[in-house]
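Data block below; observations after.
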Amino acid sequence: FAWGRIWRHQYHSPPHHRQRFGAASGMLAVTFMLGFAISPTLAAMIWKFGGYNLVIELAILSAIIGLCALIMSDKMEKRSA
């Protein structure tokens, strides 16, 4: 929970995007809290279907996908600047 707060406040937008900063920050907060709320139930369902190892593998896969999305977002931002 604390990491999401720290990351959101470290995000710096260009001056022409500052009007939409609140909307972007809110969207990040909502998606983070939604994942935080759903993850225990989802993990339990996955565990019941495929066991502990599948839960761990999917958690690692989701982290990798998130990292790739972050890298792609950074590249897109640099291209548009």
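This chain uses plain numbering: 1 for the first residue, then up along the sequence.
I65 and F36 are members of different hydrophobic clusters when ILVMFWY side chains are connected at heavy-atom separations under 4.5 Å. Follow the hydrophobic side-chain contacts under 4.5 Å out from I64 and you never reach L70; the two are in separate clusters. Both L42 and V55 belong to a common hydrophobic cluster when Ile, Leu, Val, Met, Phe, Trp and Tyr are linked at side-chain heavy-atom distances under 4.5 angstrom. Linking ILVMFWY side-chain heavy atoms closer than 4.5 Å, directly or via other members, places L34 and L28 in two distinct hydrophobic clusters.
One finds the OG atom of S39 at 10.0 Å from the CD1 atom of I46 (value rounded to the nearest 0.5 Å). Between M45 atom CE and I38 atom CD1 the span is 9.5 Å, to the nearest 0.5 Å. Atom CG of residue L61 and atom CD1 of residue I56 lie 12.5 Å apart, to the nearest 0.5 angstrom.
Within the structure, the ring-ring contact (aromatic ring centres under 6.0 Å, His included) test picks out the following pairs touching residues 50-77 (sequence neighbours left out): W47-Y52.
In terms of modelled atom types and a separation under 3.5 Å, the side chain of S73 and the main chain of A69 share no donor-acceptor contact.
Using a 4.5 Å heavy-atom threshold, the side chains of I60 and E57 count as separate.
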